[in-house]
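Atoms within each ligand, like the ligands themselves, are counted from 1 in listed order. What you see is a predicted model, and the numbers here were worked out from it, not measured in a lab.
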Amino acid sequence: MIHLKNSAQITAMKDAGRITGEALLVARDAVRPGVSTYEIDLAIRRYIEKCGATPTFLGYGGFPASACISINDEVIHGIPSKSRILREGDIVKIDTGATYHGYVGDSARTIPVGHVSEEAKRLMQVTRDSFWAGVEMLRPGNRLGDIGHAIDSLVVANGFSTVRRYVGHGIGTDMHESPDVPNFGTPGRGIRLCAGMTLAIEPMVNVGSFEVRELPDGWTVKTQDGSLSAHYENTVALTSDGVLILTEVEKGF
Ligand code: MG
Ligand code: MG
């Protein structure tokens with residue numbers, strides 16, 4: 001069942017979204033060669049708690065940290081660790097969430113560590129662009145498949161592939177609500193979009209094949225072929241006045 005939000009609920013989600021977005025700015029400022037993923041996670045946790053919010057990821061399904069931090073061929077769900085040190089040329093995916101007054105924000109960015117390859121830059125750009133291509137289709141009367149098709153078409157046109165095993169989702173008082181929001185689809189298919197929907201749209205894009213595998217730690221997901229992967233996610237709201245990007249606090253990031 002899809003929980004549509006009224007304007008008061010969307011206003012509450014703006015606060016959770018803003019805190020989540022700001023936590024990612026804090027994370028970006030912490031990214032540099034030599035820093036551990038543990039330190040970045042700690043900075044995120046401290047910021048969220050300083051705002052009077054709760055790190056949504058901490059303890060979610062038993063996850064041990066406030067952010068998923070995944071490097072290079074790791075796609076999602078990387079566990080922060082004192083022994084994972086960022087190196088010049090890495091790309092790091094940071095995915096976090098904040099719960100504030102009962103509502104959740106969920107957002108992810110892929111951040112370069114120092115200077116990265118041209119391919120890595122293009123992958124990050126295409127992944128971000130594919131998110132916005134999906135958002136373009138977020139209009140009352142369109143269907144869920146229109147979003148996924150727009151994302152995947154842009155990715156494939158650029159020679160990359162869209163992860164299929166993991167998808168976006170509805171979001172509200174729970175981090176994961178109905179519906180699933182796949183990053184691929186058939187135009188004109190799927191449920192009809194309407195005002196009051198709040199979704200986490202989150203393309204995960206690989207340089208090589210879309211196949212992924214989960215590591216024995218039970219969390220970390222990597223590309224099957226070892227190719228680079230990028231992730232870009234915002235919590236968005238479809239209102240009668242248009243689309244709100246709830247977790248975007250700085251244009252272009
Ligand atoms: Mg997320
Ligand atoms: Mg999500």
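Residue Glu233: an N/O/S atom is found under 2.8 Å from the Mg ion (ligand 1).
When atom types are taken as modelled, the side chain of Gln125 and the backbone of Arg122 share no donor-acceptor pair closer than 3.5 angstrom.
There is a side-chain donor-acceptor pair under 3.5 Å between Ser107 and Arg109.
Residue His169 approaches the Mg ion (ligand 2) most closely through its N/O/S atom NE2. Nearest N/O/S atom of Asp95 relative to the Mg ion (ligand 1): this is OD1.
The OE2 atom of Glu202 and the OD2 atom of Asp106 subtend an angle of 170° at the Mg ion (ligand 2), given to the nearest 10 degrees.
Taking the centre and axis of the six-membered ring of Phe184, the NZ or CZ atom of Arg164 falls inside the cone set by 45° and 6.0 Å.
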What pairs of donor and acceptor atoms, side-chain ones from residues 238-253 against any protein atom, are under 3.5 angstrom apart with sequence neighbours left out?
| unit_1 | atom_1 | unit_2 | atom_2 | d |
| --- | --- | --- | --- | --- |
| Thr239 | OG1 | Asp241 | N | 3.0 |
| Thr239 | OG1 | Gly242 | N | 3.2 |
| Thr239 | OG1 | Gly242 | O | 2.8 |
| Thr247 | OG1 | Asn234 | OD1 | 2.7 |
| Thr247 | OG1 | Thr235 | N | 2.9 |
| Glu248 | OE1 | Lys251 | NZ | 3.1 |
| Glu250 | OE1 | Arg28 | NH2 | 3.1 |
| Glu250 | OE2 | Arg28 | NH1 | 2.9 |

